[in-house]
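Read the structure below first, then the notes.
For clarity, every value in this text was computed on a predicted model and none was experimentally measured.
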Amino acid sequence: MKQYKKDFIELLVKAQALKFGEFTLKSGRIAPYFLNVGSFYTGELITKLGRAYAQAFLDSEVKADVIFGPAYKGIPLSVVTTSVLHSECGKEISFCFNRKEAKDHGEGKLLVGASLDEKTRVLLIDDVITAGTAIRETLDILKENGNPKIVGVLIAMNRMEKNNDGKNALEEIEKDLGVRVYSIVNLDEVIEALHGREVGGQVYIDDGMMGKIGKYRKEYGI
């Protein structure tokens, strides 16, 4: 596993963005872990988060002109990732994001940031994908606003789960939408980095938690 991935996993638990316990997901599943990048709300944390996204973007080797962040969580992700790419990696990429509702005054646009057209290569950025509903909504918005070329989706963590039809959720989304989904880390890497290991004096995945994760994955994992 690359060092930036290990650093990112440690960052997730230290920032309490990745928690272990018992959580009810939107799908109704009771999961032993939960990811919320909304925990990155300080300058230091959001910059480190941006570095992880930027490195994953570079590793993907995807060619993009614009990083698009769907409202709301995608907005700071698009901004900080493009900022880090410029300041620390010497790579100039624009950002764009949508409002939930178009303004009825001023420029009156639904999108904020870089202009998009059919030649623009756009990478979508978000925290996680479950059913893909938010991504589909974003693609519909983009089709009506410049109709750019979508070159991929970048998320923080691949939960490595089945959808309700028992198929690999991300693979089905990729087939359905015709775009590749990249992630900074996946669940296997999280387990590899944290199982039985102290981070900041705490073991986040002990044998007991590993048993719960294993039980959950037996039912929902791929």
Side-chain angles (χ1 to χ4, degrees), residues 4-5 7-41 45-46 48-57 59-60 62 67-81 97-98 122-139 141 150 152-165 167-177 179-194 204-205 212-213 216-217 219-222:
Y4 84 89
K5 290 175 175 280
D7 292 342
F8 178 62
I9 292 167
E10 290 192 6
L11 179 65
L12 287 177
V13 293
K14 287 180 178 178
Q16 297 186 338
L18 178 59
K19 296 183 179 181
F20 297 91
E22 187 173 293
F23 306 93
T24 302
L25 307 181
K26 287 183 180 180
S27 62
R29 297 176 182 179
I30 308 299
Y33 52 87
F34 183 75
L35 176 66
N36 175 25
V37 298
S39 297
F40 291 87
Y41 50 78
L45 289 175
I46 195 68
K48 289 181 177 179
L49 180 62
R51 284 178 184 147
Y53 271 101
Q55 188 60 61
F57 168 75
D59 270 6
S60 74
V62 66
I67 294 179
F68 186 91
Y72 288 103
K73 286 185 180 179
I75 294 175
L77 296 178
S78 66
V79 175
V80 73
T81 302
F97 58 85
N98 66 294
V122 171
L123 175 76
L124 305 184
I125 193 168
D126 216 333
D127 53 354
V128 295
I129 293 179
T130 48
T133 304
I135 294 297
R136 289 182 177 86
E137 292 174 351
T138 300
L139 292 179
I141 290 172
I150 309 302
V153 181
L154 177 59
I155 59 175
M157 177 179 162
N158 177 359
R159 294 174 60 91
M160 303 180 71
E161 291 186 20
K162 301 173 184 176
N163 59 18
N164 291 333
D165 296 325
K167 298 179 180 179
N168 185 315
L170 282 196
E171 284 187 359
E172 289 304 302
I173 290 171
E174 289 178 329
K175 292 177 184 177
D176 187 22
L177 303 182
V179 296
R180 174 82 181 273
V181 178
Y182 305 90
S183 63
I184 303 174
V185 294
N186 61 37
L187 183 57
D188 280 345
E189 291 170 327
V190 169
I191 292 171
E192 178 185 341
L194 297 181
Y204 289 89
I205 302 181
K212 294 178 181 179
I213 293 174
Y216 180 79
R217 297 190 81 184
E219 184 171 2
Y220 300 115
I222 56 172

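The two atoms that bring Ile125 and Thr81 nearest to each other are CD1-OG1, 3.4 Å, heavy atoms only. For the pair Ser39 and Ala15, the tightest heavy-atom approach, listed with the atom from each and the gap, is CB-O, 3.4 Å. The two residues Gly221 and Lys162 make their nearest non-hydrogen contact at O-CE, 2.9 Å. The nearest pair of heavy atoms linking Ala56 to Tyr4 is CA-OH, 3.6 Å.
A distance-only check finds a donor-acceptor pair linking the side chain of Asn36 to the backbone of Gly38 [under 3.5 Å]. Without hydrogens or angle criteria, Asp165 side chain to Lys167 main chain gives no donor-acceptor distance under 3.5 Å.
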Can I get a per-line list of side-chain donor-acceptor pairs under 3.5 Å for residues 16-24, giving both atom names and the distance, sequence neighbours left out?
none

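Checked by atom type, the side-chain pair Tyr182/Asn158 shows no donor-acceptor distance below 3.5 Å.
Heavy-atom neighbours of Lys73 NZ from other residues, nucleotides or ligands within 6.0 Å: above the threshold of 12.
In this view, Lys175 and Glu172 satisfy the salt bridge (Lys or Arg N to Asp or Glu O under 4.0 Å) rule, not counting sequence neighbours. For Tyr220, the ring-ring contact (aromatic ring centres under 6.0 Å, His included) partners at least two apart in sequence or on another chain are Tyr216.
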Passes side-chain contact (heavy atoms from CB on, under 4.5 Å), Met160 versus Ile222? Steps please. CA-CA 6 Å; Met160 303 180 71; Ile222 56 172; 3.8 Å; yes
Kindly determine whether Ile173 and Ile129 satisfy side-chain contact (heavy atoms from CB on, under 4.5 Å), including the steps that lead there. CA-CA 9 Å; Ile173 290 171; Ile129 293 179; 3.1 Å; yes
side-chain contact (heavy atoms from CB on, under 4.5 Å) for Leu49 and Val80? Distances and angles first, verdict last. CA-CA 8 Å; Leu49 180 62; Val80 73; 5.6 Å; no
